[in-house]
J.: 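Quick one: the structure is below, questions incoming.
Here the structure is a predicted model, which is why all the values come from computation and not from measurement. Each chain gets a letter, A, B and so on, in the order its sequence line appears, and its residues count up from 1.
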Number of protein chains: 2
Amino acid sequence: MGIRDEARERTTAAIMEAARRELAEEGAGGLSMRAIAREVGMVSSAVYRYFPTREALLTAMIVESYGHLAEALNGASARTPARRWTRLAHTLRDWARSRPHEFQLIYGTPIPGYVAPPETIPAAAAVATPFLQIGLYASVEGFRNRRLTAQMAGMTDLVPDLEPSAAAAILAELAALIGAVSLELAGHLVGSADPADYLFEALVQRQIGTLGLGGS
Amino acid sequence: MGIRDEARERTTAAIMEAARRELAEEGAGGLSMRAIAREVGMVSSAVYRYFPTREALLTAMIVESYGHLAEALNGASARTPARRWTRLAHTLRDWARSRPHEFQLIYGTPIPGYVAPPETIPAAAAVATPFLQIGLYASVEGFRNRRLTAQMAGMTDLVPDLEPSAAAAILAELAALIGAVSLELAGHLVGSADPADYLFEALVQRQIGTLGLGGS
DNA sequence: CAAAAGCGAGAGCACTGCTCTCTAAATCCG
DNA sequence: CGGATTTAGAGAGCAGTGCTCTCGCTTTTG
């Protein structure tokens, strides 16, 4: 870790910072290596010393965004499981609305030809974990299909003692939250439930019932 | 409607057909006006006589894709509301999996700077309608917030006599389906629920319960 | 201290969306 | 019918993109 390595880290951070600014304004599709280079005062080819390809930069941004979201979620605490779920859901939505492009970078359409590289998997798991933890207090009906519960076996790596059916139900409800937020961000609710606050709130209440978190 | 106009329609159709092929292979982001022009045997500038901008072409593709999806959904019939919901859900998922780029064109990340033009709204409504119709047979708890039911008032234009709370619940469940399918297509379920068949099936069963469609 | 490795600059390739001008054909209208 | 107008398509060109390659220069390494 000589001076050289520190300089490299600083430059890498500067590039990602510029990339995050570009991302916030243009979205993932409009993220341009040359524009980033301009912003950090380098020529475009120099950026490729740090990220060999645009995809590599995007992958780094994805991991970073997962981290930001996970951080926000971990800051959401509440006394009862029901309240915790509510807070998690609203934290997710608020985060998405304040950083729409970051949310869409994570949960939106994959870049054409892009396949999620392995390093994004633990980052994604960090986002799911706080939701899954509530599964410890859930009592769900259904979600007991044999092969489904087999698939959920690995979830105990994230949350020990988590029931498979609870894990599956939480996963499904997390998908529902992400779906609702995605539709809202994309403007699909404009003709019907806009602003989406009330629909979202009702959805969360329904989820608390479905997950059996109401009894406290 | 002279010969000239017919020729124009044919060329327009040829362009959209080529665009659909490109879309299926490259996705919306990789859709190139020049590649389309090459495929129909024109020079790129000629394409701009038919679609003044790439966005205009994309809008046309979006409307067309909504139409395809709505058509598929309208072909799904079943005797009981519960079975109809199941069939609609699976039709949605199957359609998305067979045409991932078309699904993502509709429900995925909007193109940077793109805002859905008004002509897409009725097309989107045509997709929601078959789901909303099942709301006539639903009995839902919750979703009775005053302002939410006020927002749902316009839904009776699509489905007469539809209860606002049912409309809201259906909308939320449609968002859940879209969210689950989006996550599946994006590969977000690979580490957990892959293949997603069982999770999806369990989700649909849960929805039937939530919507009160089970009693028949 | 010489050799190797790393960094940044610059030029260049093939591609993109889009505009502009030009030619030729079809249509309109007096 | 025939001149005027509209229209389709071609071609060149502009500004931008991701990415590669080569060339100096500096820093690190053996």
Side-chain angles (χ1 to χ4, degrees), chain A residues 1-19 21-23 25-62 101 105 109-115 117, chain B residues 1-19 21-23 25-62 101 105 109-115 117:
Chain A
M1 297 170 222
I3 302 174
R4 200 59 178 261
D5 304 77
E6 282 174 27
R8 187 166 226 285
E9 270 179 40
R10 266 202 313 277
T11 308
T12 304
I15 290 172
M16 289 192 66
E17 194 180 330
R21 276 196 300 271
E22 277 268 310
L23 182 68
E25 285 173 16
E26 311 287 340
L31 200 149
S32 147
M33 298 295 266
R34 298 175 107 115
I36 291 166
R38 254 173 266 135
E39 207 167 334
V40 301
M42 299 200 296
V43 86
S44 75
S45 61
V47 176
Y48 287 85
R49 297 264 178 213
Y50 298 85
F51 297 95
T53 196
R54 203 185 94 112
E55 264 190 31
L57 213 199
L58 278 177
T59 299
M61 302 295 299
I62 288 174
H101 293 301
L105 178 67
T109 308
I111 311 303
Y114 182 87
V115 283
Chain B
M1 296 166 219
I3 304 172
R4 199 61 176 264
D5 303 79
E6 282 174 29
R8 189 165 224 285
E9 269 179 41
R10 267 203 311 278
T11 309
T12 304
I15 290 172
M16 290 191 65
E17 195 180 329
R21 276 196 301 271
E22 275 268 310
L23 181 69
E25 286 174 16
E26 311 286 340
L31 201 150
S32 146
M33 297 295 265
R34 297 175 107 115
I36 292 166
R38 254 173 267 135
E39 207 167 334
V40 301
M42 299 199 297
V43 87
S44 75
S45 62
V47 176
Y48 287 85
R49 297 266 178 211
Y50 298 86
F51 297 95
T53 195
R54 203 185 95 113
E55 264 191 29
L57 213 198
L58 278 177
T59 299
M61 302 295 298
I62 288 173
H101 293 301
L105 178 67
T109 309
I111 311 304
Y114 182 86
V115 283

J.: Considering only side-chain heavy atoms of B/Thr11, which listed nucleotide, C/dG8, D/dT17, D/dG9, is closest?
T.: D/dG9
J.: Whole-Å distance between D/dT17 P and B/Arg54 CZ?
T.: 15 Å
J.: I need the CE-P distance between B/Met42 and D/dA8, as an integer number of Å.
T.: 10 Å
J.: Can you tell me how far P of D/dG9 sits from CE of B/Met33, to the nearest Å?
T.: 14 Å
J.: Rounded off to whole Å, could you give me the CD-to-P distance for the B/Glu55 and C/dT16 pair?
T.: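 After rounding, the reported distance stands at 18 Å.
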J.: Select one nucleotide: of D/dA10, C/dA9, D/dG16, the one nearest the side-chain heavy atoms of A/Arg38.
T.: D/dG16
J.: Nearest whole Å is fine: how far is C/dA26 P from B/Glu6 CD?
T.: 15 Å
J.: Run the side-chain donor-acceptor check on residues 27-34 of chain B: report pairs under 3.5 Å with partners two or more places apart or on a different chain.
T.:
residue: B/Ser32; atom: OG; partner: B/Arg34; partner atom: N; Å: 3.2
residue: B/Ser32; atom: OG; partner: B/Ala35; partner atom: N; Å: 3.0

J.: Is any side-chain N or O of B/Arg49 closer than 4.0 Å to OP1 or OP2 of C/dC20?
T.: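 Looking at the OP1 and OP2 atoms of C/dC20, neither is under 4.0 Å from any side-chain N or O of B/Arg49.
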J.: Quick one: list whatever passes salt bridge (Lys or Arg N to Asp or Glu O under 4.0 Å) with B/Arg21, sequence neighbours left out.
T.: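 Per chain and number, B/Arg21 pairs via salt bridge (Lys or Arg N to Asp or Glu O under 4.0 Å) with B/Glu17, B/Glu39.
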J.: Provide, to the nearest angstrom, the distance between the CZ atom belonging to B/Phe51 and the P atom belonging to D/dA8.
T.: 13 Å
J.: Protein-nucleotides 12-14 of chain C N/O pairs closer than 3.5 Å?
T.:
residue: C/dG12; atom: O6; partner: A/Arg34; partner atom: NH2; Å: 3.4

J.: Is it true that a side-chain atom of B/Ser44 and a backbone atom of B/Ala37 form a donor plus acceptor pair closer than 3.5 Å?
T.: no
J.: Would you mind reading off the distance between A/Arg8 atom CZ and C/dG8 atom C1', rounded to a whole angstrom?
T.: 12 Å
J.: Report which part of the nucleic acid A/Leu31 touches: base, sugar-phosphate, or nothing (heavy-atom distance under 4.0 Å, all strands).
T.: sugar-phosphate
J.: Measure CZ/B/Arg10 against C1'/D/dA8 and give the value in whole Å, please.
T.: 14 Å
J.: With B/Ser45, which residues qualify under side-chain contact (heavy atoms from CB on, under 4.5 Å), at least two apart?
T.: B/Val43
J.: So, does B/Ser32 get its side chain near the phosphate of C/dG17, meaning an N or O under 4.0 Å from OP1 or OP2?
T.: yes
J.: Do the side-chain N or O atoms of A/Tyr48 get closer than 4.0 angstrom to the phosphate oxygens (OP1, OP2) of D/dC21?
T.: no
J.: Looking at A/Ala14 and A/Val40, what are the two nearest heavy atoms and their distance?
T.: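 Nearest pair, atom of A/Ala14 first, then A/Val40: O-CG1, 3.6 Å.
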J.: B/Phe51 and B/Ala60: which non-hydrogen atoms are nearest, and at how many Å?
T.: CE2-CB, 3.9 Å
J.: I need the A/Leu58 CG to A/Leu23 CG distance, nearest 0.5 Å.
T.: 8.0 Å
